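Here the structure is a predicted model, which means the values were calculated and not measured. Below, chain A is the first sequence line, B the second, and so on; all start at residue 1.
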Amino acid sequence: MSKTVGIPKGLLYYDFYPMWKTFFEGVGAKVVVSQDTNKKILDEGVKNCVEDACLPVKTYVGHVINLKEKDVDYIFIPRIVSVERKKYLCSKFLGLPDFIKSLIGDLPPIIDMEINMYRDDTSIKKEAAKVGRMFEKNKRQALKAYFNALEEQKKFERLLKRGFTPIEAIKIWEGNRLTRANKNYEIKLAVLAHSYDIMDEYISMGIINKLRDMGAEIFTMEMLETDVILEGASMLSKDMFWSYERDILGAGLHFLKQKNVDGVIMVSAFGCGPNSMTEELLERMYKRDKEMPFMLLTIDEHSGEAGIMTRLEAFIDLLKFKKRAVCV
Amino acid sequence: MKITYPHMGSLNMILKTMFEGIGVEVIEPPPTTNKTLSLGVRNSHEFACLPFKINVGNFIEALDKGADTIIMLGGIGPCRFGYYGHVQKEILKDLGYNFNMIIIDPPHGRLIDFLKELSSYFPNVDGKTALKSFLFAVKKMLAADKLEKFLLKHRAHEDRRGITTKIYEEYMKKLDKAQNGKEVDKIVADAMKKIKENANVYRKVQLRVALVGEIYMLLEPFTNMDVSKALNELGVEVTKTEYLSDYLINSAFKLPQRLEFKKNGKGYLERDIGGHGLNTVANTIKYAKLNYDGVIHILPFTCTPEIVAQGIIAKISRDYNIPVMSLVYDENTGQAGYQTRLEAFVDLLYRRRVNAV
């Protein structure tokens, strides 16, 4: 029987799941994903995590516990230091396996593969070979699985560029039929956020779908081509050293300059350190520009759906009103 | 050019010595007070950390006093501190201030690069004078740190409450005014002698606590509500794990310290995660092994590296059987609440020792 590897459905799951799944299946493992976030998962996460950790980290802890209960043979908690040259990820990713191991006792063996492309990507091949050995595969087999994984990741990313959100793209990649609703959207709206803050339907209370139901076509930073983001980010006085914050800033500045959406919402998790910098900068730049409506939305484990809905509705009303006023 | 910079422990004294040594006018930021804090809080993002907010307050007060150039450190991550200067610049610009901000990004965190870049802003200063005033500033820094280490041990034994603090502050003022190396040496020697003379209360059970955590919070008594004084006055000897001189030495000779931390942190945190996260974990293990009675972890609210460290040191606490307490500070922190927690913690340490004996 092949060994099972559990992948927690949180944090960078939404950015790399197709790659991870392909890789582990390539080395002969069976992949098990934790359940969608629910009350129990979130409660377990909150209970077992440090009080001041951000919402997505608390949720992630809940997912790891969920996998532990599923009796998987391994849990995959990568240490993602850097996903491109000269850029880092937020500190929590750098210490994630250590942090989780300290919080939760009696875990099955953790696969804490280090992904670090700060200098180059050669170290990943070494890490891939190391993981391959855990599943009794030789280096050649492990590398083959790694390269297949890269291919699948590209397929997945092409879906994102076609305008699917990461969670939709994952579903399509897994073979589900999913067509974009050919609705006549009244307004265009950019939603800037870390994927783990808005893709998890439970913690974000399905913000994306709610906005679509209100008649907004949604654009996320994942849907933008890299050069567009880089062009936006080049307007900054200092290059941002975190990849995903750079993406948020770059996308934000792109929309601000091109004015190709009617409004922008930035969603962040309570207490998110990196977001406190990007939000501050974006908000100031949007205020100085004075033209593009901009709203900040903070979510945490206590967010009430009614409050969020009211704010979204008010914002959408404002955008629709503004648009009609311009037309007339 | 009228230069200013943020407060951070004895940094004011050091930078003032350095810049005045090369003939640059310095506008000292007024001492950090509640007014500074509220200026910072009002103009910063809610989730920016306390150091960021106090920096903003320091800058506003110094600009109001007439400063026109701000010196700030940068960084390349992963701690957000590396972006502070740039965000603070935008905040101050929106407030209508006209100033120049020099943000020094240490390319590889090496001291020599730092000095090179800094000197490029002062083309009229000759290298010899610059080096001389830099070395004198470093001497003062080492003296200040030495004195503080001495204080944190001996204040726990002071004969009269507050007497050593008074002596320490008096000599720090003298140190600030010192004009040459000889004077500095004499001030340190005198101060140590005088503190020692006034610290003769010895207890049967002497508690020792290590303070670990984020460097700014550890260095700034205003932000941590002078936690070391509060502990000393409860009769506890304190070892602070971060000093400005450590910071300087570590920036200049990065490797040895990193190796030491990596060795100490092994099994708990396998790599540097930015900020002082690894330091916190490694130091907690170090002082647990040295049989300290407890560890107090100081961090600002929303500090990601320290939050990761917080989760990890909870496990170290269980594994090494050493009490660890985290104190998270933000602008709403009340002194009384923290005093109560410190007293309860010290009580617990005391009872553990008495029961163990």
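When the candidates B:Thr302, B:Ile313, B:Thr304, B:Ile312 are compared by the number of heavy-atom contacts under 4.5 Å with chain A, B:Ile312 comes out ahead. Here A:Leu94 is the residue among A:Leu94, A:Val81, A:Val57 with the most heavy-atom pairs under 4.5 Å with chain B. Contact tally against chain A (heavy-atom pairs below 4.5 Å) for B:Ile91, B:Leu299, B:Val87: the top residue is B:Ile91. For the set B:Ile103, B:Leu278, B:Ile273, the count of heavy-atom pairs under 4.5 angstrom toward chain A peaks at B:Ile273. Note on B:Ala314, B:Cys303, B:Gly274, B:Gly82: by heavy-atom pairs under 4.5 Å with chain A, the leading option is B:Gly82. Contact count against chain A (heavy-atom pairs under 4.5 Å) is highest for B:Arg271 among B:Lys93, B:Glu46, B:Arg271, B:Lys89. Comparing A:Glu283, A:Lys92, A:Met240, A:Met285 by heavy-atom pairs within less than 4.5 Å of chain B, the highest count is held by A:Met240.
In this structure, no portion of B:Asp330 lies under 4.5 Å from any heavy atom of chain A. Within the 4.5 angstrom heavy-atom criterion, no atom of A:Asn48 approaches chain B. Within the 4.5 angstrom heavy-atom criterion, only side-chain atoms of A:Tyr88, from C-beta onward, approach chain B. Of the two parts of A:Leu236, only the side chain, counted from C-beta on, holds a non-hydrogen atom closer than 4.5 Å to a non-hydrogen atom of chain B. Heavy atoms closer than 4.5 Å to chain B are found in the backbone of A:Lys101, but not in its side chain. If you measure heavy-atom distances from B:Val308 to chain A, the contacts under 4.5 Å come from both the backbone and the side chain. With a threshold of 4.5 angstrom between heavy atoms, A:Phe93 does not approach chain B through any atom at all. Looking at B:Cys49, neither its backbone nor its side chain comes within 4.5 Å of chain A, counting heavy atoms on both sides. Residue contact with chain B, scored on non-hydrogen atoms closer than 4.5 Å, is absent for A:Glu51. A:Ser82 does not touch chain B: none of its heavy atoms, backbone or side chain, sits under 4.5 Å away. Neither the backbone nor the side chain of A:Asp112 comes within contact range of chain B; no heavy atom of the residue lies under 4.5 Å from a heavy atom of that chain.
Taking a cutoff of 4.0 Å between a charged side-chain nitrogen and a carboxylate oxygen, A:Arg79 and A:Asp98 qualify as a salt bridge. Using a cut-off of 4.0 Å between Lys/Arg side-chain N and Asp/Glu carboxylate O, A:Glu231 and A:Lys257 are scored as salt-bridged. Comment: B:Asp319 engages B:Lys315 in a salt bridge, judged by a side-chain N to carboxylate O separation of less than 4.0 angstrom. B:Lys263 and B:Glu260 are not joined by a salt bridge, as no carboxylate oxygen comes within less than 4.0 angstrom of a charged side-chain nitrogen. Salt bridge A:Glu44/A:Lys68: absent, no basic N to carboxylate O contact under 4.0 Å. Taking a cutoff of 4.0 Å between a charged side-chain nitrogen and a carboxylate oxygen, B:Arg80 and A:Glu245 do not qualify as a salt bridge.
In this model, a donor atom of one side chain and an acceptor atom of the other lie less than 3.5 Å apart for B:Asn58 and B:Thr32. In this structure, a donor-acceptor pair under 3.5 Å is present between the side chains of A:Ser237 and B:His86. Donor-acceptor pairing under 3.5 Å is recorded for the side chains of A:Asp200 and A:Thr37. With hydrogens and angles left out, the side-chain atoms of B:Tyr97 and B:Asp64 include a donor and acceptor closer than 3.5 Å.
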Quiz item: Yes or no on ring pair (Phe, Tyr, Trp, His ring centres under 6.0 Å) for B:Tyr329 and B:Tyr338, after CA distance, side-chain angles and deciding distance?
Solution: CA-CA 10 Å; B:Tyr329 291 83; B:Tyr338 275 27; 4.8 Å; yes

